[in-house]
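Got a structure for you, written out below as structure tokens; questions coming shortly.
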Number of protein chains: 2
Amino acid sequence: MIEVFKTYLKGKGNYTEEELEKVASVAVIKKVRKRQYLTQEGDVAKNHAFVTKGCLRTYTVDEKGIEHILNFAIENWWIGDRESIQTGHPSIYNIDAIEDSEVALISKEKFDRLCIEVPAFNDMINNILQKSFLVAQNRIHTFISLTAEEKYLSFLEKFSHLNMRVPQSMIASYLGITAETLSRVRKQIVKR
Amino acid sequence: MIEVFKTYLKGKGNYTEEELEKVASVAVIKKVRKRQYLTQEGDVAKNHAFVTKGCLRTYTVDEKGIEHILNFAIENWWIGDRESIQTGHPSIYNIDAIEDSEVALISKEKFDRLCIEVPAFNDMINNILQKSFLVAQNRIHTFISLTAEEKYLSFLEKFSHLNMRVPQSMIASYLGITAETLSRVRKQIVKR
DNA sequence: GATAACACTTGATGTAAATCAATTGCTATT
DNA sequence: AATAGCAATTGATTTACATCAAGTGTTATC
């Protein structure tokens with residue numbers, strides 16, 4: 001499935017054939033079965049991960065045992081706790097697969113070296129970062145200004161593909177509402 | 001006040017004296033009086049802004065006339081709608097000063113050129129972006145997992161300096177709660 | 001020094017969403 | 001085919017927070 005990664009790279013930056021090989025060659029493919037962890041709370045994250053197949057999520061579990069989902073990642077998305085990778089501090093997040101999945105792992109060291117040695121890679125990563133930031137800003141805005149129903153509608157607009165793949169209870173968690181509330185909200189929407 | 005900007009640059013990157021001048025020379029100092037807009041909803045944002053003095057905020061106003069504050073920026077922070085600047089689309093945000101302030105403006109064109117011509121600048125900006133992203137992630141996490149009181153305590157931990165400068169009603173808005181709720185939450189906290 | 005203009009507090013009431021609990025479907029496994 | 005194990009729905013109840021409405025205190029403004 002390294003081909004998925006290469007295709008992605010081609011679409012995202014101006015790589016020479018040589019650079020492309022260089023980037024792809026440091027990636028290590030790993031299968032992650034449904035419910036299997038990629039990283040657990042307390043671990044120091046060592047790898048950036050690119051999803052070639054399946055779907056994963058980043059989340060925490062609070063004292064009451066409730067899961068709070070921070071992010072999903074499907075094919076052609078990156079996932080990983082940048083904070084932990086960069087600082088070397090233990091991660092506060094869990095990452096696991098919610099479908100049988102496959103990721104391309106790149107170790108921090110190799111990733112950092114790529115950023116230096118392959119300008120196209122560096123630019124690509126910074127572009128992604130920029131985009132991720134804007135998405136995050138936007139999501140913050142939904143939290144401070146929208147009702148449960150509006151949050152869900154906004155989610156549908158932006159991530160309808162996720163809506164079809166991810167259990168409702170997880171979408172609720174991602175939106176910061178309960179599964180019951182989401183169920184009722186959906187009923188309301190359909191009714192109109 | 002361009003000195004504030006130069007001092008900041010020195011602390012944030014490995015600039016040669018020449019590069020430092022180059023960066024500083026493209027910045028245009030602008031005074032922004034309290035309540036004066038830097039950008040308004042509907043405008044296409046043209047400049048990145050670095051705050052050399054004072055305090056500004058990014059916010060929206062909903063149909064009911066309620067303000068939702070997305071960000072504050074004080075001395076040594078950047079502010080501006082990256083999305084609008086990059087895409088050329090009208091901004092959905094208002095930015096105004098909540099104290100008499102002063103900013104260093106850098107136009108999109110000059111900013112982009114600096115990113116290309118001054119590697120230290122590019123690296124610095126990407127570092128800031130990375131940090132901004134992590135802060136945003138963190139804030140999202142507070143929204144999906146904390147109560148009003150916990151959100152405020154978390155805010156205090158991270159931004160106590162802002163707490164002293166910004167009206168409570170605006171902090172409430174930033175936290176996605178009402179001013180009344182914040183007032184009661186504070187009373188609770190003091191009581192213990 | 002009176003008056004306005006905010007910023008914050010406090011109380012009464014309303015409501016969206018959470019919680020608790022039971023039921024109905026699925027699909028997965030034996 | 002029976003059983004277990006989730007995922008979603010639905011109803012009853014509670015609660016955290018919002019809303020509405022007066023108040024008080026503090027700082028500007030004429």
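In what follows, every heavy atom counts, from backbone to side chain, and hydrogens, waters and symmetry copies are set aside. Each chain gets a letter, A, B and so on, in the order the sequences are listed, and its residues count up from 1.
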### Task
Calculate the interatomic distance between A:Glu99 atom CD and D:dA7 atom P; express it in whole Å.
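Between P of D:dA7 and CD of A:Glu99: 13 Å.
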### Task
Quickly work out the A:Leu175 CG to C:dA17 P distance and round it to whole Å.
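From A:Leu175 CG to C:dA17 P: 12 Å.
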### Query
Of the candidate nucleotides C:dT9, C:dA17, C:dA21, which contains the atom at the shortest distance from the side chain of B:Gln168?
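Looking only at side-chain atoms, B:Gln168 lies closest to C:dT9.
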### Message
Is there a side-chain contact between B:Thr178 and the phosphate of D:dC17, meaning an N or O under 4.0 Å from OP1 or OP2?
### Response
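It does not, given that no N or O in the side chain of B:Thr178 lies less than 4.0 Å from OP1 or OP2 of D:dC17.
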#### Entry: Closest to side chain of A:Lys64, choosing from D:dA8, D:dC20, C:dT19
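That would be C:dT19.
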### Task
Take atom NZ of B:Lys34 and atom P of C:dA7, then tell me their distance rounded to the nearest Å.
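The distance from NZ of B:Lys34 to P of C:dA7 comes to 7 Å, rounded to the nearest Å.
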### Query
At under 4.0 Å between heavy atoms, what does B:Leu182 touch on the DNA or RNA strands: base, sugar-phosphate, or nothing?
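No contact.
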### Message
Let's see if you can work this out: which of D:dA7, D:dA18, D:dA21 has an atom nearest to the side-chain heavy atoms of B:Ile177?
### Response
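The answer is D:dA18.
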### Message
I want to verify a distance call: between C:dT9, C:dG11, D:dT10, whose nearest atom is closest to the B:Arg184 side chain?
### Response
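Nearest listed nucleotide: C:dG11.
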### Between P of C:dT15 and CD of A:Glu149, the distance in whole Å
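Computing the A:Glu149:CD to C:dT15:P distance gives 17 Å.
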### Message
Just N and O in the side chain of A:Lys187: are any of them under 4.0 Å from OP1 or OP2 of D:dT10?
### Response
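A:Lys187 to D:dT10 OP1/OP2: side-chain N or O found under 4.0 Å.
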### Query
B:Ser169 has a side chain; which of D:dC20, C:dC8, D:dT10 sits nearest to it?
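Of the candidates, C:dC8 comes closest.
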### Query
In terms of the angle between their ring planes, are A:Tyr8 and A:Phe50 parallel, tilted or perpendicular, with boundaries placed at 30° and 60°?
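Because their plane-to-plane angle lies in the 30° to 60° range, the rings of A:Tyr8 and A:Phe50 count as tilted.
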### Query
Less than 4.0 Å between a side-chain N and a carboxylate O, is that true for A:Arg57 and A:Asp96?
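Counted as a salt bridge, because a side-chain N and a carboxylate O are separated by less than 4.0 Å.
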### Length of the line joining B:Glu180:CD and C:dT15:P, which is rounded to integer Å
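After rounding, the gap between these two atoms is 16 Å.
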### Task
Give the ring-plane orientation class for B:Phe159 versus B:Tyr174, where under 30° counts as parallel, over 60° as perpendicular and anything between as tilted.
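If you compare the ring of B:Phe159 with that of B:Tyr174, the planes turn out perpendicular.
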### Task
Test B:Lys6 against B:Glu21 for salt bridge (charged side-chain N to carboxylate O under 4.0 Å, His left out), laying out the working first.
CA-CA 8 Å; B:Lys6 285 190 191 173; B:Glu21 280 311 317; 3.1 Å; yes
### Query
For the side chain of A:Thr181, counting heavy atoms from C-beta on, which of C:dC8, C:dA18, D:dT10 is nearest?
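My answer, after comparing the listed nucleotides, is C:dA18.
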### Query
Strictly by modelled atom types, are B:Gln137 and A:Asn71 linked by a side-chain donor-acceptor pair under 3.5 Å?
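Yes.
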